[in-house]
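Keep in mind the model is a prediction, meaning the values are calculated, not measured. Reminder, nothing fancy here: chain letters follow the sequence lines and each chain counts from 1.
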Amino acid sequence: MEQKLFVYNTLTRKKEEFIPLDAPHVGMYVCGPTVYSDVHLGNCRTFISFDLIFRYLLHLGYKVRYVRNITDAGHLEGDADEGEDKVSKKARLSQLEPMEIVQKYTVDFHEVMKTFNALPPSIEPTATGHIIEQIELVKAILEKGYAYEVDGSVYFDVEKYNETQDYGILNGRKLEDMLNNTRALGGQNEKHGKLDFALWIKAKPEHLMKWPSPWGVGFPGWHLECSAMSNKYLGHKFDIHGGGMDLMATHHTNEIAQNVASCGNSPANYWLHTNMLTVNGQKMSKSLGNSFLPAQLFEGNHELLKKGYSPMAVRFFFMQASYRSTVDFSNEALDAAEKFYKTLAEAAKKLNTLQQNTLVAVEDEAESAIIAACEDCYNGMNDNFNSPKTLEALNNLSKWINSFANATRNSGVVSAETFELMKKTYNDFFYDVLGLKQDDNESGDTAGLLGLIVNLRNQAKANKDYATSDKIREGLKQIGFQLNDNKQGTTDWIKI
RNA sequence: GGUCGGAUGGCCGAGUGGCUAGGCAGAGGUCUGCAAAACCUCCUACAGCGGUUCGAAUCCGCUUCCGACCUCCA
């Protein structure tokens with residue numbers, strides 16, 4: 001099936017057909033987390049969104065090199081370029097080595113992403129591992145005349161850059177507007193222009209993370225690492241650059257400026273931005289203090305949470321909105337997502353044991369409805385990764401699957417090809433593209449014990465000893481297993 | 001204040017000139033020893049006011065409200 005994928009490009013503010021520079025290869029860079037504290041749910045949403053994008057590109061047959069950095073240095077606290085490095089600050093407060101902080105939160109981040117069934121990126125480079133590349137990049141920008149040094153620090157000259165280039169190309173703003181509307185920040189005395197930003201920052205003696213450079217001992221500016229590392233691993237020009245919308249106006253704008261200034265071209269053809277997760281209508285953010293940790297959500301351990309939700313229910317919750325919309329957190333919305341997820345997950349289970357009946361006369365209506373739903377799975381994702389549309393198509397397929405499984409419809413009314421198409425499409429999208437999995441996979445022991453108990457109950461039931469059979473069913477429900485007697489006279493269980 | 005983006009039924013959330021979103025909740029039904037699950041049916045909304053049009057949730061204008069960015073953030 002030849003698919004035409006359209007993506008919304010922030011650069012042009014339109015949906016455009018996705019055409020890789022060098023198909024079947026695709027280069028994708030996504031700005032990763034700063035590892036100075038626990039990753040919160042809002043961060044997770046962004047990386048889950050890009051996981052969906054990564055997975056769909058892979059599904060379409062592209063060979064994707066997905067680079068997502070770890071920011072472990074150079075990210076300043078507070079205003080302007082005079083604050084303290086976030087990692088250093090945390091290290092000082094916790095009396096730990098900076099790299100101890102980095103290690104702890106990097107490991108935590110990886111564990112959380114694994115829990116959400118996100119695929120690891122192809123390369124996950126760190127800022128501290130690429131200091132040399134960053135210094136080289138600063139040199140290149142200085143040589144081209146777009147930066148200047150002041151007392152051991154190097155700044156990017158935005159106004160000079162804008163003489164020949166469009167600095168506001170990504171955020172759609174004019175330089176004059178930006179100049180007029182930038183608040184006066186402290187520490188501007190070294191800069192020539194209000195919008196200039198640091199490429200290299202002179203380290204104060206007490207600063208913990210610092211490196212020698214041609215301009216003295218210091219550390220790199222935050223925007224620099226992404227330019228340096230995308231250049232190194234994806235080249236000067238690649239296909240997709242992504243990140244959260246909050247990075248667009250400043251971080252990505254500066255990144256483009258650095259790339260253009262150093263090598264003459266903008267790094268990526270398509271810029272994709274994911275929207276924010278909100279809580280009671282406000283952005284979830286570390287600085288606002290309204291963020292939960294994934295673990296709190298799984299356990300229901302937060303004042304805003306009525307109960308816990310499984311990682312797959314949460315992933316599904318995110319998939320129910322498109323990545324460019326804000327998602328507002330609420331118990332009701334999570335409850336709805338959890339139920340919908342379970343419905344689709346149960347259908348996926350049934351599908352794997354479903355055998356088609358002997359063919360009877362093919363019913364055109366069933367045939368075309370199933371084929372259309374399979375196409376709609378693709379149509380949804382092809383339309384800028386519109387996962388809600390794809391979920392709708394999967395939901396349509398699940399109704400057919402359930403009808404066939406319950407024998408309320410004869411599965412012999414569709415051709416063998418269509419039956420196989422349904423199976424393949426459902427499995428491909430549920431597991432591989434949306435990245436969902438069954439979250440009630442019990443160990444062999446539990447499954448064995450349940451099987452034994454279910455047999456005992458069914459014996460009691462066969463003897464019309466309903467008191468005993470209902471007692472067993474109720475007892476299992478109390479400890480979290482729902483028994484469902486199905487039409488074939490066997491009994492399924494699901495974890496609730 | 002500036003720039004940008006939103007406002008869809010009880011809740012979540014697609015859609016972007018005429019045609020059904022979908023889910024959850026709610027109501028009724030089929031099935032079942034009873035449940036549960038599943039399936040079927042019902043519940044038909046687009047912030048407000050103007051305008052364009054044969055026709056607008058969809059385009060244009062204004063108003064109101066909300067959010068993001070402009071300052072570290074995914």
Can you tell which of [options] lies closest to the side chain of [X]?
| X | options | value |
| --- | --- | --- |
| A/Asn406 | B/rA38, B/rA68, B/rA14 | B/rA38 |
| A/Arg173 | B/rA35, B/rG2, B/rC39 | B/rG2 |
| A/Asn386 | B/rA14, B/rG22, B/rC69 | B/rA14 |
| A/Lys283 | B/rA14, B/rC12, B/rC69 | B/rC69 |
| A/Asn402 | B/rA74, B/rC4, B/rC39 | B/rC39 |
| A/Arg13 | B/rG13, B/rC11, B/rC4 | B/rC4 |
| A/Phe47 | B/rG23, B/rA35, B/rA74 | B/rA74 |
| A/Glu392 | B/rC34, B/rA21, B/rA74 | B/rA21 |
| A/Gln320 | B/rG22, B/rA38, B/rA74 | B/rG22 |

Rounded distance in Å - [atom1] ([X]) to [atom2] ([N]):
| X | N | atom1 | atom2 | value |
| --- | --- | --- | --- | --- |
| A/Gln482 | B/rA36 | CD | P | 8 Å |
| A/Lys461 | B/rG33 | NZ | C1' | 8 Å |
| A/Met248 | B/rC69 | CE | P | 11 Å |
| A/His252 | B/rA68 | NE2 | C1' | 15 Å |
| A/Gln282 | B/rG67 | CD | P | 7 Å |
| A/Glu332 | B/rG13 | CD | P | 12 Å |
| A/Asp246 | B/rG5 | CG | P | 17 Å |
| A/Phe329 | B/rC11 | CZ | P | 17 Å |

Q.
Tell me whether the count of non-hydrogen atoms from other residues, nucleotides or ligands lying under 6.0 Å of NZ in A/Lys174 goes above 12.
A.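 Not more than 12 within 6.0 Å, no.
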
Q) Would one find more than 12 heavy atoms of other residues, nucleotides or ligands at under 6.0 Å from atom NZ of A/Lys14? A)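 Result for NZ/A/Lys14: open.
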
Between [N] and [M], how many Å separate the two [atom1] atoms, rounded to a whole number?
| N | M | atom1 | result |
| --- | --- | --- | --- |
| B/rC54 | B/rA14 | C1' | 28 Å |
| B/rG28 | B/rC43 | P | 15 Å |
| B/rA38 | B/rG5 | C1' | 42 Å |
| B/rU41 | B/rU20 | P | 14 Å |
| B/rC40 | B/rC69 | P | 44 Å |
| B/rG9 | B/rU58 | P | 15 Å |
| B/rU44 | B/rA36 | C1' | 30 Å |
| B/rA47 | B/rC11 | P | 14 Å |

Under 4.0 angstrom, heavy atoms only, what part of the nucleic acid is [X] near: base, sugar-phosphate, or nothing?
| X | result |
| --- | --- |
| A/Ser325 | sugar-phosphate |
| A/Met276 | base |
| A/Gly243 | sugar-phosphate |
| A/Leu334 | nothing |
| A/His251 | nothing |
| A/Leu391 | nothing |
| A/Gly380 | nothing |
| A/Met284 | base |

If we call it a pair only when both distances are under 3.5 Å in a Watson-Crick or G-U wobble match, what pairs with [N]?
| N | result |
| --- | --- |
| B/rC11 | B/rG23 |
| B/rA57 | none |
| B/rU3 | B/rA68 |
| B/rC31 | none |
| B/rG17 | none |

Distance check: side-chain N/O of [X] vs OP1/OP2 of [N], anything under 4.0 Å?
| X | N | value |
| --- | --- | --- |
| A/Thr343 | B/rA38 | yes |
| A/Thr34 | B/rA74 | yes |
| A/Asn395 | B/rG23 | yes |
| A/Lys399 | B/rG23 | yes |
| A/Ser322 | B/rA14 | yes |

(Q) Among residues 462-476 of chain A, which ones have heavy-atom contacts with RNA chain B below 4.0 Å? (A)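 Within residues 462-476 of chain A, the residues near RNA chain B are A/Tyr466, A/Ser469, A/Asp470, A/Arg473.
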
Check this for me, if you would: do [X] and [Y] make a salt bridge, where the nitrogen-to-carboxylate-oxygen distance has to be below 4.0 angstrom?
| X | Y | result |
| --- | --- | --- |
| A/Asp51 | A/Arg55 | yes |
| A/Lys461 | A/Asp470 | no |
| A/Arg457 | A/Asp485 | yes |
| A/Lys389 | A/Asp376 | no |
| A/Asp492 | A/Lys349 | no |

Q | Side-chain (A/Asp439) to main-chain (A/Ser310) donor-acceptor, under 3.5 angstrom | A |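 It does not hold such a pair.
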
Q: Measure from NZ or CZ of A/Arg68 to the centre of the six-membered ring of A/Tyr29, then state whether that distance is under 6.0 Å and the direction lies within 45° of the axis.
A: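 So A/Arg68 doesn't make the cation-pi contact.
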
(Q) Do A/Lys202 and A/Ser153 make a side-chain contact, defined as non-hydrogen atoms from C-beta onward lying under 4.5 Å apart? (A)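 When only atoms from C-beta onward are counted, A/Ser153 and A/Lys202 do touch, with a gap below 4.5 Å.
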
Q.
Do A/Asn484 and A/Gln482 have side chains that approach each other closer than 4.5 Å (heavy atoms only, starting at C-beta)?
A.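 Counting from C-beta outward, A/Asn484 and A/Gln482 do come under 4.5 Å.
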
Q. Taking the nucleotide of RNA chain B with the closest heavy atom to each, which residue, A/Lys339 or A/Lys15, is nearer the 5' end?
A.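 Its nucleotide being nearer the 5' end, the pick is A/Lys15.
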
Q. When the nearest nucleotide of RNA chain B is assigned to A/Lys350 and to A/Arg45 on a heavy-atom basis, which residue is associated with the more 5' position?
A.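 Comparing both residues, the 5'-ward one is A/Lys350.
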
Q: Decide if the gap between the ring center of A/Phe47 and the ring center of A/Phe109 is smaller than 6.0 angstrom.
A: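 They qualify: ring centres under 6.0 Å apart.
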
Q. Under 3.5 Å, is there an N or O donor on one side and an acceptor on the other linking the side chain of A/Asp328 and the base of B/rC66?
A.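 Per atom types, no contact qualifies.
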
